[in-house]
Asker: 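Starting off with a structure, shown below.
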2 protein chains.
Amino acid sequence: MFYTYLCFRIQFVRMMDNKKFEKIARALSDASRITILQQFKKKKGCLYCAEITELLDLTQPSVSHHLKQLVDADLLIPEKEGRNLKYVLNEEVLDDYISSLSALKD
Amino acid sequence: MFYTYLCFRIQFVRMMDNKKFEKIARALSDASRITILQQFKKKKGCLYCAEITELLDLTQPSVSHHLKQLVDADLLIPEKEGRNLKYVLNEEVLDDYISSLSALKD
DNA sequence: TTTAAATATTTAAATGTTTCGATGTATTTA
DNA sequence: TAAATACATCGAAACATTTAAATATTTAAA
């Protein structure tokens, strides 16, 4: 006797308006910010502000500015830990953005 | 007797460098250009320059500028037809961009 | 071969972005 | 409580983008 399992995943896509889409695209349109996001892959989706500053060959105010763009676009979620700041990658917003892009093809 | 078909699609993902990714994201970070891309859904993936100019409440040179951004990012493929210009949505590049975004999550 | 139509380019003004130095604000440690 | 650490904000310079008016180019039609 065999059982066949059909596995699938339901993704609840929060529909994104154009303003939001534009903001995310703009946040993604900078070399430093792309570098930042790619680092999350290596650190299991969470990174500290200080680690990012080391990574980037930019001054601390510049890094702060870039992180603000990513947080304002909801791509990163900031979590305060004492006087340090931890950032978590917001995969849901990334998925919503991807869904909006896919919708352009239908 | 039953036959079960497992259907799948192999997508050949052309790996995209950060420069390219940045260019596409920037092309997508403007309200007018988002509006342009969304129109393709309604017109089966191809649109004429004149249709886009009507759509956009901008002067012809401005529209020309926006279309250039999208073409330079390879999101649109221009095809000359006499003195008209037809644009075709480049779904492959869109897929590559989506793949690069998905890769941020791994 | 003029003339008209469709699109591109140039130029310039207005606006937005990136960057850094200087400074401000929390928070922890001495 | 004073000093140190981590991060944010302000102000200004450099640079990029958006937009439109004017003009150029390409192609088709008269």
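Residue numbering restarts at 1 for every chain, and letters A, B, ... go by the order of the sequence lines.
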Asker: Do the ring planes of B/Tyr97 and B/Phe21 sit parallel (below 30°), tilted (30 to 60°) or perpendicular (above 60°)?
Answerer: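 Plane angle between 30° and 60°, so tilted.
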Asker: Which donor-acceptor pairs under 3.5 Å do the side chains of residues 60-69 of chain B make with protein atoms, sequence neighbours left out?
Answerer:
residue, atom, partner, partner atom, Å
B/Ser62, OG, B/Thr59, OG1, 3.2
B/His66, ND1, B/Arg33, NH1, 3.0
B/Lys68, NZ, B/Asp72, OD2, 3.3

Asker: Shortest non-hydrogen contact from B/Pro78 to B/Leu85?
Answerer: CB-CD1, 4.1 Å
Asker: Do A/Gln39 and A/Ile52 have side-chain heavy atoms sitting under 4.5 Å apart?
Answerer: no
Asker: Decide, yes or no, whether a salt bridge links B/Lys105 with A/Glu91 under the criterion of side-chain N to carboxylate O below 4.0 Å.
Answerer: no
Asker: Can you tell me the distance, in whole Å, between the CG atom of B/Asp30 and the C1' atom of C/dT17?
Answerer: 14 Å
Asker: Roughly, in whole Å, what's the span from NZ in A/Lys23 to P in C/dT17?
Answerer: 10 Å
Asker: Rounded to whole angstroms, how far apart are NZ on B/Lys86 and P on D/dT27?
Answerer: 17 Å
Asker: Of all the heavy-atom pairs spanning B/Val71 and B/Tyr87, show the shortest one and how long it is.
Answerer: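 Shortest heavy-atom separation between B/Val71 and B/Tyr87 comes out as CG2-CE2, 3.6 Å.
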Asker: Could you list the residues that satisfy side-chain contact (heavy atoms from CB on, under 4.5 Å) with A/Ala73, not counting sequence neighbours?
Answerer: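 In terms of side-chain contact (heavy atoms from CB on, under 4.5 Å), with neighbours along the sequence ignored, A/Ala73 is linked to A/Lys23, A/Ile24, A/Ala27, A/Leu75.
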Asker: Quick one: which protein N/O atoms are closer than 3.5 Å to N/O atoms of nucleotides 11-16 of chain D? Pair and distance per line, please.
Answerer:
none

Asker: Pairs in or reaching into residues 49-64 of chain A: which pass salt bridge (charged side-chain N to carboxylate O under 4.0 Å, His left out), with residues at least two apart or in two chains?
Answerer: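 Sorted pair list: A/Lys43-A/Glu51.
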Asker: Within a strict 4.5 Å, meaning less than it, do heavy atoms of the A/Leu89 and A/Leu76 side chains meet?
Answerer: yes
Asker: Taking atom P of C/dA6 as reference, at what distance in whole Å does atom OH of B/Tyr87 sit?
Answerer: 14 Å
Asker: Calculate, to the nearest 0.5 Å, the distance between atoms CG and NZ belonging to A/Leu47 and A/Lys86 respectively.
Answerer: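 These two atoms lie 10.5 Å from each other.
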Asker: Can you give me the bend angle of the helix from C/dT1-D/dA30 to C/dA30-D/dT1? Use the axis through the first five pairs and the one through the last five, nearest 10 degrees.
Answerer: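 One end's axis against the other's: 10°.
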Asker: Enumerate the residues from residues 46-83 of chain B whose closest heavy atom to DNA chain D is under 4.0 Å, giving them by residue number; use none for an empty result.
Answerer: B/Leu58, B/Thr59, B/Pro61, B/Ser62, B/His65, B/His66, B/Gln69, B/Lys80, B/Gly82, B/Arg83
